[in-house]
Novice: 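My questions will all concern the structure given below.
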Amino acid sequence: MLLTGIGELITNDPSPDREAGLLGIVRDAAVLVEDGRIAWVGTATHADERLGHRVEREDRRDGDEHRSLWDADVEVVDAGGRAVIPGFVDSHSHLVFGGDRAAEFAARMAGQRYEAGGIRSTVAATRAASDDELRARLAGFVAELHAQGTTTFEIKSGYGLSVADEERLVRLAHEVTSEVTFLGAHVVPFEFREDPAFGGDADQAAETYVDLVVGEMLDACAPHSRWVDAFCERGAFTAEQSRRVLEAGAAAGLGVRVHGNQLGEGPGVQLAVELGAASVDHCTYLSDADVAALASSDTVATLLPGVEFSTRQPYPDARRLIEAGVTVALASDCNPGSSFTSSLPFCIAVAVRDMGMTPAEAVWASTAGGALALRRTDVGAIRPGMRADLVELSAPSHVHLAYRPGVPLISRVWKDGAVVASG
């Protein structure tokens, strides 16, 4: 496929012959796709020259002077002056669950405080749902992601909280993405908290549950997972408990991710940096030491603006992180409790309006930044050798993603060179 007539191409691949800035913008651009990968990127004029030379070469090889590669082998798609960006990379979501928590959302909007332990109803609904019910709902979310320009996404478990249920959540997630995260250490399940054997001792209940997570549960879930995560937060798990889970996961061959610093300053960021985590997610409350640690590490700070929108917490200060040299990603954290949105265009608009990001920074963070948060080198940019994950906007510029919030600007989406959504 030759995608041509692109008014503004966001490559995330800066070079001296492109517009200054981190987006590597090419005007009046074209992209050649072969076998699901980017084969060439340049201007539409150069595409005509390149394709013409290639036709001549193919014709000589076949000995057929009338054979035209343009007509026979290359589908030419005209973007009509629209902008094209890399597919969004959503590095944080929780898409396998039953039920919803609309009543909890309404209560928060009426003034109730958000706490980490509010997932009990989701755990109950998820455990009660069949595999087929969860699978069908997951398929709906994947279609929703594609329609909004997301072509790569991570899915966490964490709504099963038993060996059998966590195993089936990561197994079902693995059917639709390779980026699966085992999050058995989401919260301590209610049957442990309420077990009379612990006599109301929350610490003992948590330690006993962590024993299960790092033992039988990890053994069952690791074969279906790429990552391990822990919610290092008040109301969830302490730094010591989180360390046990993360180190056990790493010993089982899983990469490390951390939920941290969502509800207040805490040890999550420092633990993530110490363990070499790919990403620490939320980062709503950060000390100067946290920012300095992130800036001196390869750990990405993944910000989740949908959470603050839904919980009315203060937004994280992206400007502070960027100016300190921290790598920042944006993700949806799509989940039924604290951020029931799968829209990265929405997250971009909020990040620009309320978190101090420029439109260029927000688009980069939701594409290249997300790829870095997943330690992927094959997505998040448009350059030769990358997967052909492309999003055509119904707009002339990436700026419109923030400029026109709430407007469906995703026109066409290609995943590995194949159309997966068309507006």
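Please read these numbers as outputs of a predicted model, since none were measured by experiment.
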Novice: Quick one: does Glu308's side chain get under 4.5 Å of Pro316's, heavy atoms only?
Specialist: yes

Novice: Give a yes-or-no answer on whether the side chains of Ser342 and Glu144 include a donor-acceptor pair shorter than 3.5 Å.
Specialist: yes

Novice: Got a donor-acceptor contact below 3.5 angstrom from the Asp229 side chain to the His259 backbone?
Specialist: yes

Novice: For Leu344 versus Ser332, what's the shortest heavy-atom pair and its separation?
Specialist: CD2-N, 3.9 Å

Novice: Which heavy atom in Glu265 sits nearest to a heavy atom in Tyr285, and how many Å separate them?
Specialist: N-CB, 3.5 Å

Novice: Under 6.0 Å from the CD atom of Glu175, do we count more than 12 heavy atoms belonging to anything else shown?
Specialist: yes

Novice: Under a 3.5 Å distance rule, please check whether Lys415 uses its side chain to pair with a backbone N or O of Val420 as donor and acceptor.
Specialist: no

Novice: Is there a side-chain contact between Glu233 and Val187, using heavy atoms and a 4.5 Å cut-off?
Specialist: no

Novice: Are the side chain of Glu133 and the backbone of Gly98 linked by a donor-acceptor contact shorter than 3.5 Å?
Specialist: no

Novice: Check whether any side-chain heavy atom of Ser242 sits under 4.5 Å from a side-chain heavy atom of Leu271, and report yes or no.
Specialist: yes

Novice: Which heavy atom of Gly306 sits nearest to which heavy atom of Phe346, and what is that distance?
Specialist: CA-CE2, 4.4 Å

Novice: Is the side chain of Arg312 donor-acceptor paired with the backbone N or O of Met109 at a distance under 3.5 Å, no angle test?
Specialist: yes

Novice: Quick check against the 3.5 Å criterion: does Asp28 have a side-chain atom that pairs as donor or acceptor with the backbone of Gly7?
Specialist: no

Novice: Name the residue from Leu401, Asp389, Ile382, Asn12 that meets the side-chain contact (heavy atoms from CB on, under 4.5 Å) definition with Ile85.
Specialist: Leu401

Novice: Taking salt bridge (Lys or Arg N to Asp or Glu O under 4.0 Å) as the test, write out the residues that go with Asp90, two or more places apart.
Specialist: none

Novice: Let me confirm one number: the CG-OG1 distance from Leu9 to Thr43, rounded to the nearest 0.5 Å.
Specialist: 11.0 Å

Novice: Which value, rounded to the nearest 0.5 Å, describes the distance between His224 atom NE2 and Ser178 atom OG?
Specialist: 14.5 Å

Novice: Could you check whether any side-chain N or O of Thr181 sits under 3.5 Å from a backbone N or O of Val228, counting only pairs where one atom can act as donor and the other as acceptor?
Specialist: no

Novice: Looking at CD of Glu104 and OG of Ser121, how far apart are the two atoms once the value is rounded to the nearest 0.5 Å?
Specialist: 6.5 Å

Novice: What distance separates Arg108 CZ from Gln112 CD, expressed to the nearest 0.5 Å?
Specialist: 8.5 Å

Novice: What is the distance from atom CG of Asp416 to atom CZ of Arg387, rounded to the nearest 0.5 Å?
Specialist: 4.5 Å

Novice: Measuring from Arg404:CZ to Leu393:CG, what's the distance to the nearest 0.5 Å?
Specialist: 11.5 Å

Novice: After noting the C-alpha distance and the side-chain angles of Val419 and Val413, does the key distance pass the side chain to side chain contact (heavy atoms under 4.5 Å, CB included) rule?
Specialist: CA-CA 6 Å; Val419 174; Val413 181; over 6 Å; no

Novice: My understanding is that only one of Asn335, Leu161, Thr126 makes a side-chain contact (heavy atoms from CB on, under 4.5 Å) with Ile119; could you say which?
Specialist: Leu161

Novice: Let's go through Phe309 and Phe340 carefully: what are the C-alpha distance in whole Å and the side-chain angles of both, what is the deciding distance for ring pair (Phe, Tyr, Trp, His ring centres under 6.0 Å) to 0.1 Å, and is it a yes or a no?
Specialist: CA-CA 10 Å; Phe309 180 89; Phe340 203 4; over 10 Å; no

Novice: For the residue pair Tyr209 and Gln241, establish whether any side-chain heavy-atom pair is separated by less than 4.5 Å.
Specialist: no

Novice: Looking at Gly158, is its backbone amide N or carbonyl O close enough to the side chain of His186 to form a donor-acceptor pair, meaning the two atoms are under 3.5 Å apart?
Specialist: yes

Novice: Would you please test Phe231 and Gln262 for side chain to side chain contact (heavy atoms under 4.5 Å, CB included) and show each step?
Specialist: CA-CA 9 Å; Phe231 194 5; Gln262 176 186 358; 3.3 Å; yes

Novice: For the CZ atom on Arg353, are there more than 12 heavy atoms of other groups (residues, nucleotides or ligands in this structure) within a distance under 6.0 Å?
Specialist: no

Novice: Do Leu390 and Arg412 make a side-chain contact, defined as non-hydrogen atoms from C-beta onward lying under 4.5 Å apart?
Specialist: no

Novice: Whether the side chain of Glu179 engages the backbone of Ile155 through a donor-acceptor N/O pair (distance < 3.5 Å, no angle test) should be reported.
Specialist: no

Novice: Say whether Ser279 and Asp281, considering side chains only, have a donor N or O and an acceptor N or O under 3.5 Å apart.
Specialist: yes

Novice: Determine whether a donor-acceptor pair (N or O, by modelled atom type, separation under 3.5 Å) exists between the side chain of Arg257 and the backbone of Ala373.
Specialist: yes

Novice: How close do Val41 and Pro384 get, counting heavy atoms only, and between which atoms?
Specialist: CG2-CD, 4.4 Å

Novice: Is the backbone of Phe153 close enough, under 3.5 Å, to the side chain of Thr177 for a donor and an acceptor to pair up by distance?
Specialist: yes

Novice: If the test is side-chain contact (heavy atoms from CB on, under 4.5 Å), which one of Val33, Val76, Val77 qualifies with Leu3?
Specialist: Val77

Novice: Check whether any side-chain heavy atom of Tyr403 lies under 4.5 Å from a side-chain heavy atom of Val352, and answer yes or no.
Specialist: no

Novice: So do the side chains of Pro305 and Leu330 get within less than 4.5 Å of each other, counting heavy atoms only?
Specialist: yes

Novice: If you count the non-hydrogen atoms of other residues, nucleotides and ligands that lie under 6.0 Å from CG in Asp17, is the total more than 12?
Specialist: yes

Novice: In this structure, are over 12 heavy atoms from other groups packed under 6.0 Å from Asp298 atom CG?
Specialist: no

Novice: So, do Val89 and Arg376 sit near enough that their side-chain heavy atoms are less than 4.5 Å apart?
Specialist: no

Novice: Any chance you could lay out the side chain to side chain contact (heavy atoms under 4.5 Å, CB included) test for Thr151 and Val379, step after step, and finish with the verdict?
Specialist: CA-CA 9 Å; Thr151 51; Val379 295; over 6 Å; no

